Amino acid sequence: MSTYRESQPRASYGALLGLLSAGAALASAELVAALTGPGSSPVTAVGSAAIDLAPVWLKDFAISTFGNYDKPVLLGGILVVLVAFAAVAGVASTRRFAVGAVMIALLGAVGVLASSTRPDASALTALPSLTAIVIGVAVLRALVRRSTTDNSSSARRTFLVTAGLALAGGVAGKFFQQRSSDIAESRSAIQLPKPVSPAPARPAGHSFAIPDLTPFETPNRDFYRVDTALVIPELRAEEWRLKIHGMVDRPMELSFADLMAKPLIERDITLSCVSNEVGGPYASTARWLGFPLAELLRQAGVRGGATQLVGTDSAGMTIGTPLDVVMDGREAMLAIGMNGEPLLPANGFPVRQLVPGLYGYTSATKWLVDLELTTFEKYDAYWTERQWDPIGKALTASRVDVPKPFARVPAGPVTVAGVAWAQHRGISAAQIRIDGGEWRPVELSTEVSPDTWRQWRTTVQLDKGLHRIEVRAADGRGDWQPEERTRPFPRGATGWHSVAVTVT
Ligand SMILES: Nc1nc2c(c(=O)[nH]1)N[C@H]1C(S)=C(S)[C@@H](COP(=O)(O)O)O[C@H]1N2
Ligand SMILES: [Mo]
C-alpha cells in the first residue's frame, strides 16, 4: 500500500497541488493587475466577459433573483469552477505532469482571451493572465518535484510556504489595485458649485410621513444600482475628460473643472430601470446637479441628420440615446452631484448622463467619457445589440409599499400607501382595489415635477382573513397602466402590482 502511494499519490494530495498552483497563479495575476488596472485581473475579465455574453433571460433571472448580489454570485460561480478545474489539473499532474500543466495553462488562457477582448483592452491587459500561466505551471512543477523527492514533512513545509505566499500576494495585489486608483480622495476634494438655477422648492404635502413608505428623496446610500460593471470604474475627477464628436460642427473636449465652471442647474429626477419587475425596487429619486445636455450639444453644433447620441463609459460600454428626446426641451443633463454630494462611484462618479422620461439603459450613462453624435442606422449600442428597444421610454409604474407583502395586520382601518411614477409625463391619479372589487381613488402627494414620482396613500377597512391589494396609476395624459402582465424585455414590464396581506 505504501509503495503504491509513493508512485501514485492519493487524489486529495494531487488536488492540493492543483489548488496551490492555481492560488499562486491568481495571486501573481492580482499583483500584476495592480500595475495594469483592476479590470485586467483574469477573474474580473472572465466575469465581465460572462456578463456581456449572457443571454437576456439569464441576465433577467440574475437581476430578479440575486438583485444587487448578482455580481458576487457570478464571481462565486467562477471561483467554484476554477477550484474544481484546478483540483482535477492537480490530480492529473501527479499521474502525467504535462496533462496537469496544460490544464493550468488553459485556465490562464481563458483569462488571456477574456481580458484581451474587453472593449477597453490595451496591449497590457493580458499581462496578468500571461503571468498566471507562467507562475501556475512553474509552481505546479516545483510542487510535483518536491513531493516526489522529499520526505513528507518538508513537502508539507513547501505547501504551507506556497499557500502563505499566494495568500499574501493576492491580498497585496488587491490592496495595491485599490490604492493606485483610490478615488475617495478625488471625490472628497470636490467642492460642488452652487447651481445658478436651483431646484424649485418642494411643495408642502410632497411627502407623507408613513413608516416603510418609500421616501420622496432616496438617500444616496439607498439609490438603486444596475450596470454591467463587475468592478466599479475608478476615474479621478482631475483626470476626467469628455470628448464630444461625430456629427457636430465643433468637436469639444471638456475637463471636470470646465464642467464645474459652467452655469449648473439642480433638478429632482426619478430614474428607473427597464429590468424592474412589477413592484420591483429599481427606481429612485435624487436631486441632481449638472449642466444641461441640450445646451452643450448646441454649443458643439449638432449636424442635420444625427438621430442618436452614443455615450461611452471608461470601460468601453455604450448607451444609445434618441437625440430628439434630449433636444425636446426636457432637462437632460450631465450630472456631477446627487443630493448635495459628488456622485457615488457606483452611480457614475465623476460624471453621468440623465434624461428624464427614459429608462436608464438608453439615457443614464455612468462613468461617461465620450459622446458621439451619429444615427441609429450606423450604430447599435450595448443593449440595442441585445435586442432591447432602442428608445426606452419609461412606462407608467406603481407599487404598494405599505403593508408589506405577506404582512399580518390587525383588523380595522389599515393604512395602504406606495409610490407611482411616469417620468416626464407625471402621475395624475392612482387607485387601489381589494380582492378584485371596485377601484377606489387614493390621495396623491403634491407633485414636485412631472419628472419625479409621487407617493400615494389611503385607509381601508379590512375584515379578518387573507386579502389582495392591487394598485394602478394614470400618467399625466390620463392613460392608466394596462392590466396585462409582461416581462421587462424588451421595453419594460407592464401590469398592476399587488400584495397579499393577512388581517388578524
Ligand atoms: N456605464 C454604464 N452606465 C449605465 C449602465 C451600465 O451598465 N454602464 N446601466 C444603465 C442602467 S440599465 C440603469 S437602469 C442606470 C442605473 O443607474 P444607477 O445604477 O445609478 O441607479 O444606469 C445606466 N447607466
Ligand atoms: Mo436599467
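All ligand and atom numbering here is 1-based and tracks the order in the structure. None of the values given here were measured: they were computed from a predicted structure. The figures here come from the full heavy-atom set of this structure, side chains too, leaving out hydrogens, waters and symmetry mates.
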Chemist: Tell me which protein heavy atom sits closest to atom 6 (C) of ligand 1, plus the residue, atom name and distance to 0.1 Å.
Modeler: D227 CB, 3.4 Å
Chemist: Determine whether the side chain, the backbone, both or neither of L271 has a heavy atom under 4.0 Å from any heavy atom of ligand 1.
Modeler: side chain
Chemist: Is the shortest N/O to N/O distance between V226 and ligand 1 below 3.5 Å?
Modeler: yes
Chemist: Using a distance-only test with no angle check, is there a side-chain donor-acceptor pair under 3.5 angstrom linking D52 and Y382?
Modeler: yes
Chemist: Quick one: does Y361 get an N or O within less than 3.5 Å of an N or O on ligand 1?
Modeler: no
Chemist: Atom 7 (O) of ligand 1: which protein heavy atom is closest, and how many Å away?
Modeler: T228 N, 2.9 Å
Chemist: Within the structure, is a non-hydrogen atom of A364 found at a distance of less than 4.0 Å from ligand 1?
Modeler: yes
Chemist: Side chains of T494 and R485: donor-acceptor distance under 3.5 Å anywhere?
Modeler: no
Chemist: Counting only heavy atoms, which portion of F223 has something under 4.0 Å from ligand 1: side chain, backbone, both, or neither?
Modeler: side chain
Chemist: Run the contact test for Q353 against ligand 1 with a 4.0 Å cut-off on heavy atoms, strictly below, and give the result.
Modeler: no
Chemist: Can you list the residues that meet the side-chain contact (heavy atoms from CB on, under 4.5 Å) rule with S445, with sequence neighbours excluded?
Modeler: F208, R454, Q455
Chemist: Identify the closest protein heavy atom to atom 22 (O) of ligand 1: which residue and atom is it, and at what distance?
Modeler: R352 NH2, 3.5 Å
Chemist: Would a 4.5 Å heavy-atom cut-off, applied to side chains only, mark I427 and W456 as touching?
Modeler: no
Chemist: Would a line drawn from the ring center of W439 to the ring center of W480 be shorter than 6.0 Å?
Modeler: no
Chemist: Please determine whether side-chain hydrogen bond (donor to acceptor under 3.5 Å, both in side chains) holds for the pair R399 and T214, giving the CA-CA distance in whole Å, both sets of side-chain angles, and the decisive distance to 0.1 Å.
Modeler: CA-CA 10 Å; R399 184 173 74 208; T214 301; 2.9 Å; yes
Chemist: Would D227 and K71 pass as an ion pair if we require N to O under 4.0 Å?
Modeler: yes
Chemist: How far is atom 3 (N) of ligand 1 from its nearest protein heavy atom, and which residue and atom is that?
Modeler: K366 N, 2.9 Å
Chemist: Which ligand 1 atoms does W367 reach within 4.0 Å, using its non-hydrogen atoms?
Modeler: 1 (N), 2 (C), 8 (N)
Chemist: Give the residue and atom name of whichever protein heavy atom lies nearest to atom 1 (N) of ligand 1, and the separation in Å to one decimal.
Modeler: D313 OD2, 2.8 Å
Chemist: Using distance only, find each side-chain donor-acceptor pair of residues 288-296 under 3.5 Å and give its atom names and separation, not counting sequence neighbours.
Modeler:
from	atom 1	to	atom 2	distance (Å)
W288	NE1	I269	O	3.2
W288	NE1	A286	O	3.4

Chemist: Is the backbone N or O of A394 less than 3.5 Å from a side-chain atom of R425, with the two atoms forming a donor-acceptor pair by type?
Modeler: yes
Chemist: Who's the nearest protein heavy-atom neighbour of atom 4 (C) of ligand 1, and how far?
Modeler: I319 CD1, 3.5 Å
Chemist: Using ring centroids (six-membered ring only for Trp), state whether W388 and F489 fall under 6.0 Å.
Modeler: yes
Chemist: Identify the closest protein heavy atom to atom 21 (O) of ligand 1: which residue and atom is it, and at what distance?
Modeler: Y224 O, 2.6 Å
Chemist: Who's the nearest protein heavy-atom neighbour of atom 8 (N) of ligand 1, and how far?
Modeler: M317 SD, 3.6 Å
Chemist: Please lay out, stage by stage, how W383 and M317 fare under the test side chain to side chain contact (heavy atoms under 4.5 Å, CB included).
Modeler: CA-CA 10 Å; W383 295 109; M317 194 270 185; 3.4 Å; yes
Chemist: So between G360, S363, A315, whose heavy atom ends up nearest atom 23 (C) of ligand 1?
Modeler: G360
Chemist: Suppose I only count heavy atoms of C273 and a 4.0 Å limit; which atoms of ligand 1 are within that range?
Modeler: 14 (S)
